[in-house]
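Sharing a structure below in structure tokens format, with a few things to ask.
Everything numeric here is computed off the predicted structure, so don't read it as measured data. By convention in this document, chain letters (A, B, ...) are assigned in the order of the sequence lines, proteins followed by strands, and residues within each chain are numbered from 1.
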There are 2 protein chains.
Amino acid sequence: MDPVRRPRGRPRKPVLLEPAAGLGPRLGLHDQAAQRLRALIVEGTLPAGGALVETELSAALGISRTPLREALKLLAVEGLVELRPNRSPRVAELRRDAVSALFEAIATIERGAAELAALRITAAELERLRQLQAEMEAHHAAGDLSSYFALNQQIHALIVAAARNGPLREAHEALHARAEIARRRALDSRARWDESVAEHRAILAALEARDPASAGRLLADHVGHTGTALLAGLAEADAEPDAA
Amino acid sequence: MDPVRRPRGRPRKPVLLEPAAGLGPRLGLHDQAAQRLRALIVEGTLPAGGALVETELSAALGISRTPLREALKLLAVEGLVELRPNRSPRVAELRRDAVSALFEAIATIERGAAELAALRITAAELERLRQLQAEMEAHHAAGDLSSYFALNQQIHALIVAAARNGPLREAHEALHARAEIARRRALDSRARWDESVAEHRAILAALEARDPASAGRLLADHVGHTGTALLAGLAEADAEPDAA
DNA sequence: TTGGCATTAATTGCATGCAGAGCACGAAAA
DNA sequence: TTTTCGTGCTCTGCATGCAATTAATGCCAA
């Protein structure tokens with residue numbers, strides 16, 4: 001017969017998914033695809049409202065449609081993708097009121113997390129928080145905005161983790177990606193920066209004092225303020241669309 | 001050639017999924033499968049810890065493995081199913097501490113929802129709540145426990161819906177299925193019943209008074225009490241396993 | 001020109017086939 | 001007897017093929 005047996009199964013050369021190969025316990029292609037797509041959506045490479053055609057995407061990612069479809073379903077549960085029957089999925093659009101609701105939800109969850117964290121956080125975690133806070137203030141002083149954002153995110157994640165509550169943490173993570181989209185689209189509002197750093201200091205103090213009510217209220221307010229500032233930043237960005 | 005053309009695509013006779021055909025805007029098989037599996041898991045037909053073999057399940061549901069796999073992924077995100085690489089997925093087990101964390105999370109979310117609901121609930125929704133409360137008290141008086149549970153669930157869902165916050169509602173729904181599993185496994189503790197009805201009355205009053213702080217606190221405490229009672233019921237149920 | 005209908009092209013949804021990972025069972029070695 | 005390795009089987013993971021649905025286009029009639 002044909003001496004060259006063309007393999008029908010796994011081809012040898014995926015395209016865009018290799019970089020993740022060295023790290024973990026070898027995730028399935030669908031998980032890798034989900035992560036990759038999440039990143040592409042959050043960073044705006046896949047524009048909001050854009051149609052996600054299965055054949056195009058699967059070709060771009062170097063995988064077949066099956067794992068891609070599984071990944072899209074996951075992202076739909078997270079709210080990053082909108083699935084319509086018999087039609088191409090679309091990257092979810094983030095309307096103004098949705099951003100508002102999103103930050104309300106995050107504030108609710110982080111308040112609960114902060115209250116629990118005030119009771120359960122370990123000395124080591126507190127030490128880590130202090131360290132992150134110090135770094136954040138250094139970046140603030142240096143005017144390094146993007147490092148500030150990264151640290152800000154780490155701090156919030158650490159507080160939620162310190163609550164030792166799996167379901168709460170999962171809910172928080174799911175909402176976080178969507179909030180990140182909004183954050184990227186808004187104009188920098190450095191006006192809020194000073195305030196935010198100060199609020200973080202107060203939250204840290206409340207956690208050190210192991211005061212659940214204060215920690216919860218301060219963190220919820222902080223998130224609320226962030227949401228408000230972000231909405232303003234979005235309004236500005238929409239007003240002058242040339243400033244991409 | 002062969003006059004009998006065996007159709008490779010969609011066969012004509014699904015098996016277990018027909019009943020849902022008359023209702024909605026025709027969901028895909030994967031969504032139907034997800035709903036069906038969710039129900040089977042919650043009601044305990046698929047026992048906790050049991051392996052979910054794709055070929056068996058797909059045959060039982062009358063669908064192929066592809067949509068089944070998609071459904072399993074969704075349930076994994078909801079935490080009802082545990083996915084292990086290259087192994088059969090298992091129905092997630094609910095350990096004691098997980099139940100505790102679950103109710104903490106639900107309490108957190110419902111507190112936030114109640115606070116928002118106190119500000120946003122409409123007169124019509126309030127009226128509906130009063131009506132549900134009256135029905136619930138009637139079932140209570142009549143000793144009809146299962147109707148009481150159903151109404152209890154409706155009331156909680158209505159309060160969350162009245163908060164007008166999509167992300168919060170989604171997070172709540174995801175957690176609810178898992179809580180329902182625990183509820184089904186615990187022994188009836190009618191001792192808590194009277195207390196629970198009274199707490200519901202107080203929550204309704206706080207919403208009518210449009211008092212966010214009270215509504216939030218009362219609802220969170222109510223959920224906390226429910227969780228504690230449920231843990232006790234689970235401990236009893238584990239102690240005498242013959243009382244299935 | 002415009003409205004309605006048939007036809008075609010594009011794309012999703014589902015079924016199935018193939019390759020490899022993991023587990024069980026059993027034989028051989030210690 | 002216990003341990004280790006090998007062999008086979010079962011099951012998942014992924015790729016691909018077929019059918020059905022939808023949107024797009026052109027055609028005809030009003």
To the nearest Å, give me how far apart CG (B:D31) and C1' (C:dG13) are.
->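 That distance rounds to 12 Å.
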Spacing between A:L83 atom CG and D:dT21 atom P, to the nearest angstrom |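 To the nearest whole Å, that distance equals 18 Å.
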Go through residues 66-79 of chain A and report each residue with a non-hydrogen atom lying under 4.0 Å from DNA chain D, sorted by number.
->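 Going residue by residue through residues 66-79 of chain A, the ones with a heavy atom under 4.0 Å of DNA chain D turn out to be A:T66, A:P67.
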Starting from C1' on D:dT12, measure out to CG on B:L57 and report it in whole angstrom.
->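 Nearest whole value for this atom pair: 13 Å.
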So how far is it from B:T66 OG1 to B:E54 CD, rounded to the nearest 0.5 Å?
->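 It is 9.0 Å, given to the nearest 0.5 Å.
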Between D:dC11, C:dT11, C:dC14, spot the one nearest the side chain of B:S88, thanks.
->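 Nearest to the side chain of B:S88 among the choices is D:dC11.
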Take atom CZ of A:R84 as the centre, draw a 6.0 Å sphere, and report whether it contains more than 12 heavy atoms from other residues, nucleotides or ligands.
->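 More than 12 heavy atoms, drawn from other residues, nucleotides or ligands, come within 6.0 Å of this atom.
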For D:dG13, does OP1 or OP2 lie under 4.0 Å from any side-chain N or O of A:H30?
->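 It does not, given that no N or O in the side chain of A:H30 lies less than 4.0 Å from OP1 or OP2 of D:dG13.
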Below 4.0 angstrom, N of the basic side chain to O of the carboxylate: do B:R38 and B:E78 qualify?
->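 Salt bridge flag = yes for B:E78 with B:R38.
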Starting from C1' on D:dT12, measure out to CG on B:L52 and report it in whole angstrom.
->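 Nearest whole value for this atom pair: 13 Å.
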Salt-bridge test for B:E70 and A:R69: reply yes if a basic N is under 4.0 Å from a carboxylate O, no otherwise.
->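 Counted as a salt bridge, because a side-chain N and a carboxylate O are separated by less than 4.0 Å.
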Distance (rounded to the nearest 0.5 Å) between A:I121 CD1 and A:L116 CG =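 If I round to the nearest 0.5 Å, the distance is 12.0 Å.
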Separation of D:dA15 C1' from A:L61 CG (nearest whole Å) =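 Taking atom C1' of D:dA15 as the reference, CG of A:L61 is at 15 Å.
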Figure out the CD1/C1' separation between A:I63 and D:dA15, and round it to whole Å.
->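 Rounded to whole Å, this separation is 11 Å.
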Could you tell me whether B:R185 and B:E43 make a salt bridge, using a distance below 4.0 angstrom between a side-chain N and a carboxylate O?
->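 No, no charged N to carboxylate O under 4.0 Å.
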Out of D:dT12, C:dA15, D:dT16, which nucleotide sits closest to the side chain of B:R65?
->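 Nearest to the side-chain atoms of B:R65, counting from C-beta on, is D:dT12.
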Let me know, please, whether A:S64 or A:N86 comes out on the 5' side of the other along DNA chain D by nearest nucleotide.
->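 Nearest nucleotide further toward 5': that of A:S64.
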Whole-Å gap separating P (D:dT12) and CG (A:L27) =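 From A:L27 CG to D:dT12 P: 18 Å.
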Atom-to-atom span, CZ of A:R84 to P of C:dG13 - whole angstrom =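 One finds 10 Å between P of C:dG13 and CZ of A:R84, rounded.
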Inspect the contact between A:R111 and B:E115 and indicate whether a charged nitrogen and a carboxylate oxygen are less than 4.0 angstrom apart.
->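 Here B:E115 pairs with A:R111 in a salt bridge, since their nearest N and O are under 4.0 Å apart.
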Tell me whether the OP1 or OP2 atom of C:dT11 has a side-chain N or O from A:R87 closer than 4.0 Å.
->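 Answer is no, no contact under 4.0 Å.
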